[in-house]
Amino acid sequence: MMKMRKHLLFAYSMMIVAFLYLPIAVLILYSFNDSRINATWEGFTLKWYQSLFQNDRVLEALYNSLTVAVITTVVTTILAALLALALHRYKFRFGKVFNGLIYLPILIPEILMGLSMLVMFSQFEINMGKTTLIIAHITFCLSFAIVIIMARLSGMGQDLEEAAEDLGASPWQTFRHVTLPIISPGLIAAALMTFTMSLDDFVISFFVSGPNSTTLPLYIYGMVKRGVSPEINALSTILILAIIVMIVIAESLAFKGTKRSQ
Amino acid sequence: MKTIIHLDSVEKSFGDHVVIPAFSLSIQEGEFITLLGPSGCGKTTLMRMISGFEEPTSGHIYLDGNDVTSIPPYQRDMNMVFQHYALFPHMTVADNILFGLKMKKVPQSEQKQRLEEVLHFTQLTEYQKRKPQQLSGGQQQRVAIARAIINNPRVLLLDEPLGALDYQLRKNLQVELKNIQRNLGITFIYVTHDQDEAMSMSDRIAVVHQGKIEQIGTPEEIYYKPSSLFVATFIGENNIMKINSDLIGVRPEKISLHKADAQAPHHKQYGVIEDIVFLGNIYKVSVRAEDDIVITAHLYEKSTWYKGERVGVAWAKEDEVILR
């Protein structure tokens, strides 16, 4: 009876996993299919990947995506680290309300965020392009980055910094030799998460990008409108792999060594 | 004897809430002084003011005659051993211990020499390449002490340093700490809520209650001549009785029991034995006396006392401590 139950549970788990990953698996599989039409399997090929990298518009979209992602990542991580440090160090009035305000954007629907930014940029008569794209990406990544870094800081507690200060380290030395090394896995995790989200974003980018700032997700969407080609599969496969790698690294760093010795 | 730390009418309040009412205290060079009190009594705040992590709301703190009231911790010539050690998890034992010297840019050769001395002194030489997580609680404790004393501080502050360790280890480290203090001649300011620890290690004990120092004196003075009801009941066991208009305290080991019909002129009370408990080294006898108070006596022999027996309870006049 017990054994039976265990088997059923296993089968159920497998079904859930299949449900989650089957579409992606099919997408990846057909990126190697030697046929223009996605429906039938004709044999293995890498030609879609080749044609992808000879396509100037794909390369331009890739370049745009990477530029936006890199700048977003650097700016977001620095801003988030500064804010997290300030919140960790100083307890001020309305601290709780402030914390809530930081969490809130994580819950706001992306479409509202995109729309509100579109409205704001046009209010200020800013032309849509890479700049607006980067500002928008920083805005929606900031909350996530702050949350990740704050978790790391609260795991560190206050007495390590106090111990350093007690041993004669100036505030800068304390930051340089104690705070920074201890929170650096959190910073890297936040940076990777930001990079991934920026690279991945479609909804918000759709509202705030201009004619010369088409990113990969936007390009894929454009391609789909003209019919699904195996090139899209190839492009999506590359994107998925890149994102999986970064998320795995980010996750493993975020929790690495958080348990303090007692 | 020279005063190393002088607190001059120091007061601390958070908002309208006065945590520590104004008080003054002088600490002598080379002494082992303990701030003893129940948790939440303000002893940690007191220590944080001395180390510089909290600034007093009013009053002044002098270290060796110099006003250090608003000098930040990193410029004060004293070090602290934290309750949970606060060892840097990303550094080896040796790097942890060297941290203070590196921050002060002490020459390499001197760093090396002092490290060796301190490692030898705290018996940590073989662990110097390890990370703190790889050490036992007692070893981590020794690293915390080594990290502080390598700086040759004038004063060492210890905030419940043995609180997280188990009983046997605590006993051993108490002796070790006392030896370190004697050998180095550093002034120790020790915070604890454990009265046995305070009794066995201190030159002087300051009993802290609700932010106030209730009494300060040698362990014997605190035990035998408590100056307030709080001290009398917080330190050890005590029988508090109201005789005429006086409130007096008599230690259980000073109480003797007598047959009720014995013609002793000094029977102070009569009562009925309510309970006899064997504690290993003593028998603890509880007697319910006339005013419905329970008097406890510590006896070395059980003798023939039995539960329900009516007895006379006596003590010598000189063992009474008048509390009010």
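Convention: sequence-line order gives letters A, B, ...; per-chain numbering from 1.
Residue-environment remark: OH (A:Y21) stays at or below the threshold of 12 foreign heavy atoms within 6.0 Å. In A:I111, the CD1 atom is not crowded: 12 or fewer heavy atoms of neighbouring residues, nucleotides or ligands sit closer than 6.0 Å.
Closest approach of A:A169 and B:F99 over heavy atoms only: CB-CE2, 3.9 Å. Residues A:H177 and B:H90 come closest through the heavy atom pair O-NE2, 2.9 Å. Of all the heavy atoms in A:L160 and B:L87, the pair that sits closest is CD2-O, 3.2 Å.
A heavy-atom distance below 4.5 Å is not found between the side chains of B:M80 and A:E162.
A distance of 12.5 Å separates CD of A:E165 from CE of B:M103, quoted to the nearest 0.5 Å.
Heavy-atom pairs under 4.5 Å with chain A were tallied for B:K104, B:Q75, B:R147, B:R76; the largest tally goes to B:R147. Note on B:P153, B:G100, B:A148: by heavy-atom pairs under 4.5 Å with chain A, the leading option is B:G100.
Only the side chain of B:N151 comes within contact range of chain A, with heavy atoms under 4.5 Å apart. For B:M78, the part lying under 4.5 angstrom from a heavy atom of chain A is the backbone only.
Counting only distance, with no hydrogens or angles, the side chain of A:D159 and the backbone of B:Y85 share no donor-acceptor pair below 3.5 Å.
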